[in-house]
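For this chain, numbers begin at 1 and follow the sequence in order.
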Amino acid sequence: MSVCGCRCNSFVLRAAAEDDPYSRMKQVLKWYLSGFYKKPKVECSGRTAKGIKKPYNSILGEKFRCCWFHPQTNSHTFYIAEQVSHHPPVSAFHVSNRKDGFCITGSILARSRFYGNSLSAILDGNARLTFLTREEDYIITMPYAHCKGLLYGTMTMELGGKVTIECEKTGYVTELEFKLKPFFGGSDTLNQISGKIKVAGELLASLDGHWDREVYLNDVQGGDRDIFWNPTSDIRRQRLKRHIVLFEEQTEMESESAIHDGNQNQATDEKYIIEDAQRKSAKERKDKDEEWMPQLFIYDDFQKEWRYKHEDMRPWNPLTDIAQYEKDGMLQTVKRNLTSMLAPRTNLAHKIDYKKNNTLQRIVTPSSWLKTIKTNHILFIPTLLLSCISFSYAHTHFILDDNQPTVFSTKPPRTTFQLFTTIFLHCFTICISFL
């Protein structure tokens, strides 16, 4: 799916780093457009043509896993998809790159409309792009694919329909319209696109052009018209290579070996065998009154959407998180032990048992200090009392008078010897108390 991680990831990174919500929306829009310029090549009546062909029907429980490596940030974007329903056909997917700060989740209900020599593949559903550090969601819908030349003529593929990119938190909305080529239109009317960027109903900019070529942005306030998107050769070279799971490590619900070997006829034969087994399994579940339960996704009744069971929407923590990886459809994060990093270095001459002495607690809480001191510190209480007395005597002394009761005086000690003696005694007893 082009809506996922195969797009130019740099636009997502720039969007996450932008403090201005308008600039973020424009970067998200660039990322969205970057997934449409590449068209598949198909064999049509012995000739190579631009367009699409009828895909194999997804089987219930079928899974697909892949990833893209980003050398700039030394991170991976993981894509996981599962066919969660067969009637109607619903595909759920989840894309995650926690290190770069974004996740995408969503589901697609595929429908088709046949018009004789043409066919429209309609994708009902949406994708939710989330910036983890901002807790900001962008709800994205998708255009439909319109295929021409099924029976005669050159097989071609176009995109049509209206789509939206909406951020509820900031109030910014982008509206796009993918236009089909008119019957009497020339080559310049192929793959046209137009759109608007709004906030709270106010028009900020308009867009026009061709989604596989240049797209122009017209700023309403400044009156400027600039090239907003252009899939140049440099942009095309930045497209990342997709890495799939090794065939020997794929599960039985990930059958790609026949297609990978280029044997289309063998893949078709295997398709019939799998579909027949699926029909038998569906009949058995119906007889037993059992319901199919997806392995990797669960339906959220509140959000009315499919959610990945193992999704992790926490922002990346460079102190504890090392790397993200995927195994058997489960996304996980390798973490470092922060406790061992914070623990002090010990040597043979002096070891501190923090569990036994509870040193950290006694530093923070004086009330627990008395409870956690070693039992062999029997001089602690007497020396502490002596320290308090000596400290008081260093600042005050008694005045004895036959005609007056005993009172405290704030006068300094009478002699220098008395002053230094009391100070020394005070420091000495304090040091003993900490041994």
Just list the side-chain donor-acceptor pairs under 3.5 Å for residues 109-125, sequence neighbours left out, or say none.
unit_1	atom_1	unit_2	atom_2	d
Arg111	NE	Asp124	OD2	2.6
Arg111	NH2	Asp124	OD2	3.0
Asn117	OD1	Leu150	N	3.2
Asn117	OD1	Leu151	N	2.7
Asn117	OD1	Tyr152	N	3.1
Asn117	ND2	Tyr152	O	3.3
Ser120	OG	His146	ND1	2.7

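- A 6.0 Å sphere centred on NZ of Lys162 holds no more than 12 heavy atoms belonging to other residues, nucleotides or ligands.
- Between Thr73 and Lys99, the shortest heavy-atom distance links the atoms O-NZ, 3.2 Å.
- A cation-pi geometry, defined here as NZ or CZ lying under 6.0 Å from the six-membered ring centre and within 45° of its normal, holds between Lys26 and Tyr22.
- Using a distance-only test at 3.5 Å, with no hydrogens or angles considered, a donor-acceptor pair links the side chain of Asn97 to the main chain of His76.
- Taken to the nearest 0.5 Å, the CD1 atom of Ile322 stands 4.5 Å off from the CZ atom of Arg336.
- When side chains are defined from C-beta on, Asp276 counts as touching Lys280, because their heavy atoms get closer than 4.5 Å.
- Using a distance-only test at 3.5 Å, with no hydrogens or angles considered, no donor-acceptor pair links the side chain of Glu82 to the main chain of Val84.
- When side chains are defined from C-beta on, Glu284 does not count as touching Lys286, because their heavy atoms never get closer than 4.5 Å.
- Screening Phe297, Phe93, Tyr299 against Trp306 for a ring pair (Phe, Tyr, Trp, His ring centres under 6.0 Å) leaves a single residue, Tyr299.
- Seen from the ring of Phe228, Lys30 counts as a face-on cation partner, given the 6.0 Å and 45° thresholds.
- Separation of atoms NE2 (His86) and CZ (Arg279) is listed at 8.0 Å; rounding is to 0.5 Å.
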Does the side-chain contact (heavy atoms from CB on, under 4.5 Å) test come out yes or no for Asp100 and His70, once each step is laid out? CA-CA 10 Å; Asp100 289 345; His70 307 283; 4.0 Å; yes
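- In this structure, the side chain of Gln250 engages the main chain of Val245 through a donor-acceptor pair within 3.5 Å.
- When side chains are defined from C-beta on, Leu319 does not count as touching Lys335, because their heavy atoms never get closer than 4.5 Å.
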Determine all donor-acceptor pairs shorter than 3.5 Å in which one atom belongs to a side chain in residues 287-296; sequence neighbours excluded.
unit_1	atom_1	unit_2	atom_2	d
Asp287	OD2	Lys283	NZ	3.3
Gln295	OE1	Lys63	NZ	3.1

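- Heavy atoms from other residues, nucleotides or ligands lying under 6.0 Å from CD of Gln332 number more than 12.
- In this structure, OG on Ser75 lies 7.5 Å from CZ on Phe69, to the nearest 0.5 angstrom.
- A donor-acceptor pair under 3.5 Å is absent between the side-chain atoms of Lys196 and the main chain of Leu204, judged by distance alone.
- Counting heavy atoms from C-beta on, the side chains of Phe102 and Thr133 never come closer than 4.5 Å.
- No option in Asn126, Thr174, Val163, Leu129 other than Leu129 meets the side-chain contact (heavy atoms from CB on, under 4.5 Å) test with Ile140.
- For Arg24 (side chain) and Glu18 (main-chain N/O), a donor-acceptor pair under 3.5 Å exists by modelled atom type.
- Note that CG of Asn191 and CZ of Phe178 are 10.0 Å apart. Values are rounded to the nearest 0.5 Å.
- A heavy-atom distance below 4.5 Å is not found between the side chains of Ile193 and His210.
- In this structure, Arg65 pairs ionically with Glu326, as a charged nitrogen and a carboxylate oxygen lie closer than 4.0 Å.
- The closest donor-acceptor contact from the side chain of Arg225 to the backbone of Leu217 lies at 3.5 Å or more, if one exists at all.
- Considering all non-hydrogen atoms of both residues, Gly329 and His310 come closest at O-CD2, 4.3 Å.
- The heavy-atom pair separating Lys181 from Lys148 by the smallest distance is O-NZ, 3.8 Å.
- Nearest heavy atoms, Phe78 versus Tyr325: CZ-CA, 3.7 Å.
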Should Ile197 and Met25 be marked as a side-chain contact (heavy atoms from CB on, under 4.5 Å) after you check the CA-CA gap, both sets of side-chain angles, and the distance that decides it? CA-CA 9 Å; Ile197 302 178; Met25 173 58 78; 4.3 Å; yes
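- Checked by atom type, the side-chain pair Ser206/Asn218 shows a donor-acceptor distance below 3.5 Å.
- Smallest separation of non-hydrogen atoms from Arg236 and Pro231: NE-O, 3.0 Å.
- Pairing each heavy atom of Gln83 with each of Ser91, the nearest pair is OE1-OG, 2.6 Å.
- Counting only distance, with no hydrogens or angles, the side chain of Tyr308 and the backbone of Leu331 share a donor-acceptor pair below 3.5 Å.
- Between Val95 and Thr77 the shortest side-chain heavy-atom distance falls below 4.5 Å.
- No side-chain N or O of Thr333 forms a donor-acceptor pair with one of Gln324 less than 3.5 Å apart.
- Within the 3.5 Å criterion, the main-chain N or O of Ile59 finds a donor-acceptor partner in the side chain of Glu62.
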Starting from the C-alpha separation in whole Å, work towards a yes-or-no answer on side-chain contact (heavy atoms from CB on, under 4.5 Å) for Leu132 and Cys103. CA-CA 7 Å; Leu132 304 181; Cys103 288; 4.1 Å; yes
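- Side-chain contact of Tyr138 with Glu136: a donor-acceptor pair under 3.5 Å is present, judged by distance alone.
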Report the C-alpha separation of Lys179 and Asp208 in whole Å, then their side-chain angles, then the decisive distance to 0.1 Å, and conclude whether the salt bridge (charged side-chain N to carboxylate O under 4.0 Å, His left out) test is met. CA-CA 11 Å; Lys179 302 179 180 180; Asp208 62 88; over 6 Å; no
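- Taking OG1 from Thr156 and CG from Leu190, the interatomic distance works out to 7.5 Å, rounded to the nearest 0.5 Å.
- With hydrogens and angles ignored, the 3.5 Å screen pairs no side-chain donor or acceptor of Arg242 with any backbone N or O of Trp68.
- The pair Arg307-Glu305 counts as a salt bridge, with a side-chain nitrogen and a carboxylate oxygen less than 4.0 angstrom apart.
- Contact check for Ile235 versus Asn230: no side-chain heavy atoms found under the 4.5 Å cut-off.
- The pair Arg98-Asp321 meets the salt-bridge criterion, with a side-chain N (NZ, NE, NH1 or NH2) lying under 4.0 Å from an Asp/Glu carboxylate O.
- The structure places OG of Ser34 at 10.0 Å from CG of Leu29, a figure rounded to the nearest 0.5 Å.
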Walk me through whether Phe64 and Ile244 qualify under side-chain contact (heavy atoms from CB on, under 4.5 Å). CA-CA 8 Å; Phe64 180 76; Ile244 63 174; 4.1 Å; yes
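- Between the Thr141 side chain and the Thr164 main chain, a donor and an acceptor come within less than 3.5 Å of each other.
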